[in-house]
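Please read the structure below before turning to the comments.
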There are 2 protein chains.
Amino acid sequence: MTSSDRYGPTRMKDVASAAGVSMTTVSLVLNDKAVGIPAETKQRVLDAAAALGYRPNALAANLRTRTSDTIGFVSDTIATTPYAGAMIQGAQDAAWKAGKLILTINTNGDPAVEAYALNALLGRQVEGIVYAAMYHQMIEVPAAAKEVPLVLLDARSADSEIPSVVPDERGGAYEATSHLISHGHKRIGFLKNTASVPAANERLEGYREALEANAIAFDGELVVAGDSGLAGGYAAAMALLVEPHRPTGLFCFNDAMAAGAARAAHELNLRIPDDLSLVGFDNLELVAPFTNPPLTTMQLPHYEMGVWAVEQLINRIDGEDFSVFHQRMQCPLVERASVGPPPTRT
Amino acid sequence: MTSSDRYGPTRMKDVASAAGVSMTTVSLVLNDKAVGIPAETKQRVLDAAAALGYRPNALAANLRTRTSDTIGFVSDTIATTPYAGAMIQGAQDAAWKAGKLILTINTNGDPAVEAYALNALLGRQVEGIVYAAMYHQMIEVPAAAKEVPLVLLDARSADSEIPSVVPDERGGAYEATSHLISHGHKRIGFLKNTASVPAANERLEGYREALEANAIAFDGELVVAGDSGLAGGYAAAMALLVEPHRPTGLFCFNDAMAAGAARAAHELNLRIPDDLSLVGFDNLELVAPFTNPPLTTMQLPHYEMGVWAVEQLINRIDGEDFSVFHQRMQCPLVERASVGPPPTRT
DNA sequence: CTGTTAGCGCTTTCAC
DNA sequence: GTGAAAGCGCTAACAG
């Protein structure tokens, strides 16, 4: 009130003079570094700060300490996929728990934007960067991103030095197929998608391995490709189901294809799961529970991957735990009602 | 190379001495404020900066200029809704276009986290805050958020001074109902949800108004409530469709309920759209196109709302355009295949 | 046209 | 135990 009547928010200096102490003392108290300061002084500082509505300017502190408590989150596309939310949420929650804030940016896949965005992030002194793709893929990381600790989320890089986390597609497919087998199925088809993304190849592998592990011969005729949407699933399933010696169970590349398969089955008057069992992948929250019957499927661990990515990043920022580089996150089975024992007569 | 061999990133001072000029000159050149500086000098600065890989420390600049080119994005929950992505994307794109970065935080609806989060944001000198809810609702905004320009996204506040943007629910419902009417329907049911959220009430209003505008008497018997999921839609539709004088068209609170209605129709051997026309709401990208037949529905303008919110925020930060306070964003009709003329005999 | 100088608000030796 | 003073990296008067 006395000397420093001025515009703008209260500064530490104001608190100091209000409490009748120096800035050093205020800083010490407010940052819990007040080792030997009497409780009485401490309280006076706290009171003054509260009375003046003091809020430290983090920018100034960060400039001085050369930290920022901020991490960058770069993603290629965020909206076009329903999965994005959970990943971001996981990342946020983990960051928050570590007292960091997240600066988000999305590049829409444009390399020019990407370069610019990285610069903006780095200029703001982010302590690390999470580089997220919105579906499991191989990406090339701009050199600039490597200036700070970096982890890849739902993506991998040819540069194996960059830590990454992706879903365990192979394991998920293995479990999906095994689930069908455990119900007694022996003729199990795989509806794969045509695109050559890691998910496609690895899910096919998992399918094969599960078959092998159970001494069921792999039959190339039982895997048929289609586009990864409902229409593709419909067509692929149709091709398989009209055959005389049709499969009794279908493992589908994703839930959309599974929904297509269900449609094909209905048209052929095959009941699910009595005549045909179905397992999907993705566990789309808006479709899997609502197919008829509700779809048994594999859950993509997006939230967990988001958490892992920033926890790992923070470990690296803190200089700890450089052990695990490439994490494959387990995809849990979500049992609903589309799987049963195979029909007694095929 | 000469005097300042030191650790850490290059600073402006380094560029200055490398180019043989003062920091002022460097600053001027790099910020495009070099009014009368000879091209030759300018080039020398640019070259030196490039050679040294200089990247300005935005924190330092921001401290000095008392700006931050950063806006805060606070949301209650991000993952649990499929809509969130588009809103964030819109916000991001608009922010990026204005040269701002977004600091995101989500509170999971916890007021304690919220208070803390707001402090963190404000401490980092965000220039404004977008406060987003993940579905259209009334919220109470913490006082701290009002210290900087603020706009509400997909939410409204009792405090009418706070600008906000929400979907035009009433208008959407009006158009949905009118669409049915324009196809010749006269007996149109409304499947409403039981929760008393703004969306529910306003969609009911829009439905009534469209009826009135077309001289169709409102019939309370034709509006039946259910929970807002597939099961609720199924039950509500069932109640209506078993009646002898059943409606020929149904406007549903949302796509999930519409999917339930479709299920009920199938069970009753009513074909869509021959025997029954259906209009949904939300245009869920993963369900609406894939119902059988594909669902005609109203699109929620999430991306556009995100854009509007940050554009508005930036206007306010810049001290311009304080005119529009409450925006209701139009919900466009997405025509697919679930609407046709009513059957000739009811 | 360009350099000198004084801070932005904070943390942190180093004295007393 | 607490204060004075230096300085994080930058911008912006103000001279010259």
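A note on names: the letters A, B, ... follow the listed sequences, proteins ahead of strands, and every chain is numbered from 1.
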Whole-Å distance separating the CZ atom of A:R66 from the C1' atom of C:dT12: 13 Å

Residue pairs, two or more places apart or on separate chains, that pass salt bridge (charged side-chain N to carboxylate O under 4.0 Å, His left out) and touch residues 120-133 of chain A: A:K100-A:E127

Under the side-chain contact (heavy atoms from CB on, under 4.5 Å) test, residues paired with A:S164 that sit two or more places apart: A:L152, A:R156, A:H326

Whole-Å gap separating C1' (C:dT2) and CD (B:E40): 14 Å

Separation of D:dT2 C1' from A:K42 NZ (nearest whole Å): 14 Å

Salt bridge (charged side-chain N to carboxylate O under 4.0 Å, His left out) contacts in which one or both residues fall within residues 41-51 of chain B, not counting sequence neighbours: B:E40-B:R44

All pairs passing salt bridge (charged side-chain N to carboxylate O under 4.0 Å, His left out) where residues 81-92 of chain B contributes a residue, at least two apart: none

Side-chain donor-acceptor contacts of residues 308-315 of chain B below 3.5 Å, not counting sequence neighbours, with atom names and distances?
residue : atom : partner : partner atom : Å
B:Q312  : NE2  : B:V324  : O            : 3.1
B:N315  : ND2  : B:D321  : OD2          : 3.4

Set of residues satisfying salt bridge (charged side-chain N to carboxylate O under 4.0 Å, His left out) with respect to B:D93, sequence neighbours excluded: none

Sugar-phosphate, base or nothing in reach of B:L63, heavy atoms under 4.0 Å: base

Contact list for residues 100-123 of chain A, test ring pair (Phe, Tyr, Trp, His ring centres under 6.0 Å), sequence neighbours left out: A:Y116-B:W96

Consecutive-pair stems (at least three Watson-Crick or G-U pairs, under 3.5 Å) that include DNA chain C: C:1-16 with D:1-16

Under 4.0 Å protein heavy-atom contact, by nucleotide of nucleotides 10-16 of chain D - B base, S sugar-phosphate only: BBBB---

Nearest heavy atoms of B:A155 and B:I139, plus distance in Å: CB-CD1, 3.9 Å

Value in whole Å for how far the C1' atom of C:dC10 lies from CG of B:N62: 15 Å

For atom CG of A:D14 and atom P of C:dC10, their distance in whole Å: 9 Å

